[in-house]
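For ligands, and for the atoms within them, numbers begin at 1 and follow the listed sequence. No experiment lies behind these values; they were computed from the predicted model shown.
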Amino acid sequence: MALKKIEKLHLGFYPTPMVKLDSISKETGVNFYIKRDDLCGICFGGNKVRKLEYLLAHAKAEGCDTVITTGGAQSNHATLTAACCRKLGLDVVLVLKKRGVTDKKGNLLLDDILNVEVVFVDTDDYHDVYAEADRIIEKLKAKGKKPYMIPVGGSVPLGALGYYDAVNEIAAQAKEMHFSVDHIVCCSGSGGTHGGIILGAKAQGGIKVTGIVVSVEDDFQKEICRIANGAAELIGMKPDIRPEDVALKEYIGPGYAKPSEEGSAAIRLMAEREGIFLDPVYTGKTFAGFLDLCKKGYFAPGENVVFIHTGGTPALFAIPV
Ligand SMILES: Cc1ncc(COP(=O)(O)O)c(C=O)c1O
């Protein structure tokens with residue numbers, strides 16, 4: 001049965017490159033491929049653009065004129081939402097937690113250059129952030145605007161479809177490169193990327209997927225399942241992903257958005273060996289987790305592993321490693 005096609009915009013340049021990194025392969029004993037979603041061509045790239053292609057298509061179809069989203073002060077998702085909305089001529093309000101680096105560095109510098117409204121909420125709790133977002137939405141409506149709210153990370157079933165597509169893209173590239181993908185390793189932050197990848201991997205016939213956790217989340221396996229099964233329903237696939245199908249490995253270190261020693265070393269290793277930059281909040285810790293799992297024998301020797309570079313590099317200019 002053909003799957004249902006959902007409307008999306010073309011905001012990034014896809015397919016993004018996928019290459020084998022020989023020195024990392026030699027170091028770890030697996031065949032290490034990197035999928036460069038950091039090079040997707042809008043802003044400084046990153047995983048959020050694939051999600052936004054679906055979410056902003058929905059916003060446009062609903063006739064919305066202003067997009068509201070949330071995140072941490074250095075949110076990549078917020079900045080990429082701002083950049084994509086600018087390209088589409090949509091207004092944007094970013095409601096961000098006033099925590100960590102809140103001066104005009106990294107993503108906040110980009111938000112300033114993009115000339116979008118940033119509202120800080122002095123809290124550690126997303127309930128407060130959403131309450132402020134709701135107040136802003138009501139004010140916009142009272143002014144005759146039509147707001148569209150994107151929850152943190154764009155991690156809703158519709159957004160996750162972007163990573164269902166990414167797995168199909170990876171499988172097609174692997175075919176051209178004459179190998180088959182055994183395992184995908186990705187960062188799992190708010191779960192949308194991981195959820196979409198699980199669904200794509202299932203459709204491709206059982207590629208293994210491991211998500212590296214970089215922030216503390218309650219019932220995270222259940223949440224990723226909820227996103228993956230919601231995405232499955234949207235395209236007419238059977239929503240049968242179970243929490244035990246979600247492989248998670250924690251490499252949070254001192255805390256979310258706080259660099260870990262291992263993450264910083266992994267960033268330096270990738271830069272020194274390959275001239276590729278990872279970030280201190282997501283991909284550096286994910287690569288550190290991957291290296292540690294290799295040492296522990298988690299991957300079979302010679303396994304074909306695709307590591308997703310999900311972006312985030314602007315944070316390098318705000319958070320020292
Ligand atoms: C650079 C980067 N990588 C990975 C992630 C995690 O993606 P997700 O929130 O879909 O789990 C994020 C989320 O903000 C991110 O900005």
Side-chain angles (χ1 to χ4, degrees), residues 12 16 34-40 42-55 69-84 94 96-97 100 106-107 110 126 150-167 184-200 209-217 220-221 223-228 230-231 246 248-252 256-257 259 263 267 276-290 307-319:
T16 52
I34 189 164
K35 176 66 172 162
R36 300 292 306 272
D37 272 8
D38 58 317
L39 299 181
C40 74
I42 187 150
C43 194
F44 287 81
N47 58 335
K48 304 304 175 181
V49 180
R50 290 189 192 266
K51 298 179 181 185
L52 288 163
E53 290 195 337
Y54 281 101
L55 295 167
T69 198
T70 66
Q74 286 294 328
S75 168
N76 300 304
H77 162 71
T79 303
L80 284 166
T81 301
C84 290
L94 306 179
L96 306 180
K97 274 188 187 172
N107 279 308
L110 303 181
Y126 266 111
I150 300 180
V152 67
S155 284
V156 288
L158 182 62
L161 288 178
Y163 272 86
Y164 168 84
D165 294 345
V167 178
I184 294 177
V185 175
C186 67
C187 178
S188 210
S190 54
T193 302
H194 192 178
I197 290 174
I198 289 175
L199 201 61
V209 183
T210 297
I212 307 291
V213 182
V214 296
S215 58
V216 184
E217 305 287 340
F220 200 28
Q221 277 168 310
E223 172 62 7
I224 293 171
C225 263
R226 191 191 60 76
I227 297 170
V246 181
L248 291 174
K249 298 285 174 189
E250 276 193 22
Y251 286 90
I252 301 167
Y256 172 71
I267 290 171
I276 295 172
F277 284 86
L278 301 172
D279 82 283
V281 182
Y282 297 97
T283 53
K285 287 182 181 177
T286 302
F287 187 48
F290 162 76
F307 176 92
I308 317 265
H309 190 331
T310 46
T313 43
L316 276 175
F317 304 99
I319 301 171

Any atoms of ligand 1 less than 4.0 Å from a non-hydrogen atom of [X]? List them with their elements.
X    : answer
G192 : 10 (O), 11 (O)
S190 : 8 (P), 9 (O), 11 (O)
S155 : 9 (O), 10 (O)
G312 : 1 (C)
G191 : 8 (P), 9 (O), 11 (O)
C187 : 4 (C)
S188 : 11 (O)

Non-hydrogen side-chain atoms of [X] and [Y] separated by less than 4.5 Å:
X    : Y    : value
K51  : I150 : no
T79  : P314 : no
Y54  : V156 : no
K35  : T16  : yes
D279 : D38  : no
T193 : I308 : no

Just to be sure I'm reading this right: ignoring hydrogens, which of N47, D37, T286, V214 gets closest to atom 5 (C) of ligand 1? Compare them by their nearest heavy atoms.
N47
Quick one: does T193 get an N or O within less than 3.5 Å of an N or O on ligand 1?
yes
Min N/O separation K51 to ligand 1 under 3.5 Å
yes
Counting non-hydrogen protein atoms only, what is the nearest one to [atom]? Give residue, atom name and distance.
atom                    : result
atom 16 (O) of ligand 1 : N76 ND2, 2.8 Å
atom 3 (N) of ligand 1  : T310 OG1, 2.6 Å
atom 13 (C) of ligand 1 : K48 NZ, 2.9 Å

Please check if the side chain of K48 supplies one atom and the backbone of G153 the other of a donor-acceptor pair under 3.5 Å.
yes
Side-chain ion pair, R50 and E53, N-O less than 4.0 Å:
no
Would the number of heavy atoms belonging to other residues, nucleotides or ligands and lying under 6.0 Å from CZ of F307 be above 12?
yes
How about CZ on F277, more than 12 heavy atoms from neighbouring residues, nucleotides or ligands closer than 6.0 Å, or not?
no
Run the contact test for G311 against ligand 1 with a 4.0 Å cut-off on heavy atoms, strictly below, and give the result.
yes
Does ligand 1 have any atom sitting under 4.0 Å from a heavy atom of G189?
yes
